[in-house]
Amino acid sequence: MNGAVRRLEVEPRVTLLDGLRDVLDTTGPKKVCDRGACGACTVLEDGQPIYACSRLLIESAGRSITTVEGLGSPEAMHEVQRAFVENDAQQCGYCTPGFVVATAALLARNPAPGEEEIEAGLGGNFCRCGTYMGIRAVVAGPGQAGGDGGGNVGG
Amino acid sequence: MRPFSYAAPATVEQAVSLLEVEGSEVLAGGTDLLSLLKDDVEQVERLVALRGIEDLSGIDASGGRLRIGSMTTLQELRDHAAAMAAVPALGFAIDGVASAQLRAMGTVGGDLLQRPRCWYYRRGFGLLALGPDGRSMVEAGDNRYHAIFPEGDARFVSPSSLAPLLVALGAEATVHGPDGERRVPVEALYRTPRAEGERENTLGPGELLVEVTASVGAARSAVYEIRQRRSLDWPLMAAAVSLYGELPLVDRARIVLGHAAPTPWLAAAAGDLLAGRELTPEQIVEAAEAAVEGARPMSGNRYKMQLAAVAVRRALLRAAGMEA
Amino acid sequence: MADYSWPEADRRGQIGRRPARLDGPVKSTGFARYPSDQNPPGLLAAKILTCPHAHARVVRIDTSAAEAIPGVRVVHVIQGEGSEIQWAGDEVAAVAADTEDIARDALRALQVEYEVLPHFVTEKHRDRAPAAQPGSERTDGDPDAAFASAHRTVEQTLGMPQMAHMCLEPHGQVAAWDGDELEVHASTQAVSTLAGQFASELGIPATQVRIRTEYMGGGFGSKFSPDRWGIVGAELAREAGAPVKLFLDRDQEVSVAGSRPSAFARVRVAADEQGKLVAWDSDSWGSGGLPGASQTPLPYVFSRLPNRRLRHTSVPTNLAGSRAWRAPNHPQACFLTMASLDDLANELDLDPIEFLDRNLEFTGRADVYREELGIAAGMAEWKERWQPRKRSRDSALQRGLGVSIHTWGGRGHASNCDVTVHPDGAVEARLGSQDIGTGTRTIVAQVLAETFGLELPQVRVSLGDNRFPQSGPSGGSSTVGGVCASTRRAAQDALREVLTRVAPRLEADPEQLTAAGGRVFVEGEPSRSMSWTEAASRIGGAPVSAQGRNPGPGRLISSGVGGVQIAEVEVDMETGVVQVKRMIAVQDCGLIVNRRLAESQVYGGLIMGVGYALFEEWIPDPVTGRLLNADMEFYKLAGLLDVGSLEVHMMTGPGYDERGVIGLGEPPVISPGAAISNAVANAIGVRVPWLPLTPDRVLDALAGRGGIA
Ligand SMILES: Cc1cc2nc3c(=O)[nH]c(=O)nc-3n(C[C@H](O)[C@H](O)[C@H](O)COP(=O)(O)OP(=O)(O)OC[C@H]3O[C@@H](n4cnc5c(N)ncnc54)[C@H](O)[C@@H]3O)c2cc1C
Ligand code: SF4
Ligand code: FES
Ligand code: FES
């Protein structure tokens with residue numbers, strides 16, 4: 001996990017999300033719906049974005065898990081994380097870790113996604129504060145929408 | 001979730017013998033099953049995880065046939081160029097699941113066998129949701145997303161996006177069980193429960209879905225799903241169609257509705273209407289109207305009749321390449 | 001007396017710029033620890049058992065099986081035998097256990113027997129309500145005569161159901177005792193006021209309660225009190241002798257932790273031949289669950305309309321009580337009013353913007369609205385693109401434009417701030433406020449940096465702790481004004497003290513000195529200067545500190561804003577699916593501290609607005625009395641591509657800046673429902689009398705059925 005091997009023993013019923021948050025104290029991924037409908041718990045499993053709430057931890061054994069903390073730190077941010085800061089793509093910030101991971105996965109698949117790819121990549125993440133303009137600007141990339149959260153994709 | 005044990009067989013045979021034990025349940029991608037367990041709607045003693053069985057994933061799109069292993073994820077299927085070329089409509093159906101995470105986790109088998117989303121079922125009132133007085137809670141309650149073709153006491157809708165298309169394609173499902181393998185048309189995977197406790201699929205004890213196969217190339221297929229949101233959302237109505245023949249001449253047509261009935265709903269009369277004739281916009285409208293004949297909407301879902309007709313018309317136009 | 005004010009436009013170093021949010025890096029890397037992320041050693045997990053019935057009496061509770069489960073530490077009955085439960089989701093018992101899974105095992109093992117009682121949850125049928133409370137009628141002028149002589153009148157029933165706050169971080173807290181001292185990491189909007197409420201419920205002095213909220217995941221008006229689960233969480237922790245984490249599950253969050261009241265009304269409104277409003281008559285009702293719902297401000301914005309009659313019925317239901325939802329009562333009043341006026345404009349064959357313009361004398365701020373309407377119309381190319389309501393159904397996709405206007409107060413709340421200048425030059429502000437996602441931390445830092453002539457990294461803001469000087473709850477768009485004013489006063493006083501101490505060194509009077517660009521210098525003689533660090537080093541061995549408060553002297557803040565929004569939609573006439581293509585918001589909010597954060601607030605308001613205009617509603621089940629969509633699957637938030645393209649214009653500069661700082665959290669969320677409904681009416685030729693504008697309702701309206709019961 002996040003580049004290190006972690007060994008732990010949990011009941012089969014423990015989800016990856018609960019294991020990360022409660023056992024491994026890795027609290028970047030958030031528990032919001034706990035039913036695979038909001039995206040706040042998104043992590044990468046072998047590079048694929050998944051809902052950690054809907055995966056049993058035991059099913060991820062032997063696989064590589066990357067959480068938002070594994071992408072970068074405040075001192076050494078991943079470029080997607082830096083873009084989230086520059087485009088004010090967060091308010092309360094509770095949905096942000098999930099969006100950051102999903103966005104990183106989307107841009108890794110496709111550095112210049114069109115509207116349909118954005119829908120496919122980020123349609124499974126929701127924000128309550130309404131940070132979508134900033135996130136669109138992140139996805140549109142530098143130079144396309146400026147650093148002001150003024151991206152006008154969609155519409 | 002209640003406690004359960006977990007088994008990870010390496011072969012289909014092992015899986016079958018594990019599943020034969022009462023209280024065992026297949027775990028595929030888990031995106032549906034874990035929610036059912038968290039809500040205590042279903043209870044299991046043991047999960048039999050298929051993730052470690054390599055034979056169950058994989059796609060083969062050669063020789064005019066498409067074979068999809070049941071543990072293939074929706075994203076793997078979407079990324080399979082040959083499969084998408086063989087049946088472009090599959091791409092539309094998968095894209096409807098507007099969540100990269102669900103596509104990366106959810107499997108083809110899981111999509112076909114996912115349980116209904118009826119909000120009474122999901123709150124523990126059973127698939128038939130009969131109240132203490134024996135009357136349908138769905139009828140008396142809020143049924144805006146429910147069936148316009150109820151069957152018996154069942155008023156939930158079949159949720160899968162892949163099922164209507166596979167039925168329209170005449171695909172077959174390979175099921176492995178204690179007595180070996182059987183192949184059935186995909187529509188035969190489904191049934192309407194007649195009593196509480198019965199499931200909406202026909203898999204017997206110890207059986208699991210191994211793969212689906214379809215012959216491709218003979219039909220022009222399309223799906224059209226109507227959703228309120230562009231982001232992750234359930235369709236309000238879905239239609240899948242397959243047109244056989246040298247268009248505009250149609251030999252045979254299969255028209256299937258999703259989110260309309262407790263099973264993928266084959267609109268046979270609508271298909272028959274098109275058979276043996278030349279396809280025109282007028283006929284498409286007629287077929288679309290025929291597809292909702294006999295519908296029995298409830299207090300809150302009359303609008304779904306119109307959606308069904310529109311979805312069928314637009315799917316037919318798309319299949320025939322006549323989209324505006 | 002000292003002069004507290006904001007610098008003139010040409011002297012502003014920080015105010016009005018667009019620095020990035022200071023907590024952006026910790027938030028976007030997942031390093032920010034929210035209350036729900038606290039994992040102190042020995043932590044127990046708590047879960048709550050709620051009542052599945054909308055109205056019931058608890059007949060019997062047996063906790064023995066739950067208590068016998070290994071790992072269960074405390075079982076706590078909240079509403080015991082004999083209690084009458086008034087809504088599904090109300091708390092019955094709680095369990096603290098070693099893990100969350102064990103706590104849930106215990107909930108399942110709790111045996112509760114209920115006597116189920118009759119319930120009522122569908123307030124749109126007010127005639128069937130068992131306990132409707134009709135209010136008294138209020139009449140101004142002579143509405144009957146005005147209606148009788150009016151040129152055009154429209155009359156119809158409109159309505160919008162209850163909806164949820166849906167904070168992504170659920171309500172809850174981690175409570176830990178150290179002897180008889182309680183520390184609570186709470187997801188709250190009210191750091192400074194929570195302690196007293198915990199203390200009185202728990203029977204300890206308020207001085208023994210510490211509240212911490214470094215970050216929190218959204219409140220929107222629903223997180224002002226400890227709530228029953230807060231008190232229960234603290235009690236469980238006390239009994240267990242270990243810290244306890246108790247956060248609501250999503251279904252509980254949606255069902256009991258915050259909703260906005262519904263609003264329905266039979267509205268009649270009339271105008272004369274010149275298109276001037278002459279009379280208003282509304283018979284409204286609504287529900288905020290068990291407490292019912294009060295009258296919304298009708299007619300909205302056009303409150304000086306002379307002839308009017310208002311009646312209102314409060315309809316209690318068996319649903320959890322509503323909470324302040326971003327701009328309480330305004331979105332409802334706005335929809336009921338602006339939709340009615342839009343229909344009247346249509347009857348009059350008038351462009352709705354022209355119609356609003358002709359009636360601005362009935363508002364409190366005609367000039368602002370007029371200017372904003374002009375700007376918004378320009379941005380939308382309204383003149384070129386607006387057409388009267390369409391009657392044709394020539395193609396499946398129809399576009400339409402709609403407009404709405406709104407108002408809000410936004411005066412700064414009571415706030416205290418401590419500013420300290422250390423001899424090494426470090427500057428810190430401490431206040432018992434909270435950053436609920438609006439950017440409070442960043443804005444306070446800007447005010448500090450502005451006052452001392454420093455850059456943001458040189459100042460530090462500490463908030464989210466009730467040990468800091470008390471500051472008001474974040475509600476009603478009151479935070480930015482409150483904290484900016486208290487911080488500015490404290491900072492100006494602290495600076496004055498520093499300048500007084502260094503003035504002799506520069507052989508000047510303190511009044512002649514200015515701090516800017518990291519230096520302290522004699523005004524007009526920049527060569528007579530020293531660096532900020534040097535200045536600070538000369539204050540002596542002890543830090544200089546000053547306290548500022550709001551309210552207080554000087555013209556730093558005010559209140560009262562107006563805004564205009566225009567929506568453009570595309571409607572699929574065959575499926576009833578509405579897509580918002582574009583939203584334009586023109587908004588004033590006085591002096592803007594941080595342009596980027598201000599715009600983010602407006603975007604956020606628009607997005608939430610699209611949510612309740614198109615998707616969001618509580619769906620209570622008439623059969624069971626439970627919410628059928630207490631989840632994130634059928635309770636639908638707007639997604640990234642569901643909101644169209646959003647354009648924001650902030651009114652700034654002369655005429656606005658002098659008003660000082662005014663809050664912005666609420667205003668932009670008020671108009672979207674009305675503007676979008678009006679755009680849909682414009683596109684399809686008929687009014688859909690409901691929000692949200694779901695396909696079934698749009699198709700019903702197109703088919704001429706489906707009015708409101
Ligand atoms: C908000 C939301 C929106 C969604 N929208 C859509 C949509 O529009 N269209 C759509 O199609 N889906 C939609 N989905 C559902 C999603 O596609 C399914 O959850 C997923 O496909 C299920 O696959 P899984 O592998 O995770 O199944 P699991 O959860 O692992 O299994 C589901 C069920 O199928 C059984 N099962 C699975 N595989 C087999 C097998 N090989 N043999 C026997 N039994 C098996 C399991 O025992 C279980 O009962 C949505 C889900 C959510 C949460
Ligand atoms: S200020 Fe407004 S948004 Fe904010 S908490 Fe209140 S009611 Fe709410
Ligand atoms: S918490 Fe996993 S998707 Fe919502
Ligand atoms: S930033 Fe608050 S939920 Fe997205």
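Proteins get letters first, then strands, A, B, ... in listed order; numbering begins at 1 in each. Just so you know, these numbers come straight off a predicted model, no measurement behind them.
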For Arg302(B), look at atom CZ and say whether over 12 heavy atoms of other residues, nucleotides or ligands are found less than 6.0 Å away. no
Shortest non-hydrogen contact from Asp233(B) toward Lys636(C): OD1-NZ, 3.0 Å
Under 4.5 Å heavy-atom distance to chain C, tell me which part of Leu232(B) shows up: side chain, backbone, both or neither. neither
Among Thr575(C), Val577(C), Asp105(C), the residue with the most heavy-atom pairs under 4.5 Å to chain B is Thr575(C)
Identify the heavy atoms of Glu617(C) and Arg144(B) that sit nearest to each other, and give their distance. OE2-NH1, 3.2 Å
For a quick test of reading the model, state the closest non-hydrogen atom pair linking Arg229(B) to Phe615(C) and the distance between them. CG-CE2, 3.4 Å
Please report the interatomic distance CD(Gln579(C)) to CD(Gln228(B)), rounded to the nearest 0.5 Å. 10.5 Å
Does atom CZ of Phe120(C) have more than 12 heavy-atom neighbours from other groups under 6.0 Å away? yes
I'd like to know whether Glu633(C) forms a salt bridge (Lys or Arg N to Asp or Glu O under 4.0 Å) with Arg122(B), so could you lay out the CA-CA distance, the side-chain angles of the two residues, the decisive distance to 0.1 Å, and finally the verdict. CA-CA 12 Å; Glu633(C) 181 175 334; Arg122(B) 296 273 166 168; over 6 Å; no
Option in Leu699(C), Ile619(C), Leu640(C) with maximal non-hydrogen atom pairs under 4.5 Å from chain B: Ile619(C)
Non-hydrogen atoms of chain B under 4.5 Å away: do they reach the side chain of Leu397(C), the backbone, both or neither? neither
Carboxylate-amine/guanidinium contact Arg123(B) Asp631(C), below 4.0 Å: yes
Can you tell me how far apart CG (Leu702(C)) and OH (Tyr303(B)) are? Round to the nearest 0.5 Å. 15.0 Å
Within a 6.0 Å radius of atom CZ on Arg135(B), are there more than 12 heavy atoms belonging to other residues, nucleotides or ligands? no
Below 4.5 Å from any heavy atom of chain C, which atoms of Met137(B) appear? Answer side chain, backbone, both or neither. both
In Å, rounded to the nearest 0.5 Å, how long is the span from CG of Asp696(C) to CD of Gln306(B)? 11.5 Å
Provide the closest heavy-atom pair for Pro622(C) versus Asp142(B) in the form atom of the first, atom of the second, distance. CD-N, 4.5 Å
Interface moiety of Ala396(C) toward chain B, non-hydrogen atoms closer than 4.5 Å: side chain
How close do Asp642(C) and Arg230(B) get, heavy atom to heavy atom, and via which atoms? OD1-N, 2.7 Å
Chain B interface, residue from Val698(C), Thr122(C), Leu614(C), Asp572(C) that has the most non-hydrogen pairs under 4.5 Å: Asp572(C)
Contacting region of Asn301(B) [heavy-atom separation from chain C under 4.5 Å]: neither
Does the distance from a Lys or Arg side-chain N to an Asp or Glu carboxylate O, for Lys38(B) and Asp249(C), drop under 4.0 Å? no
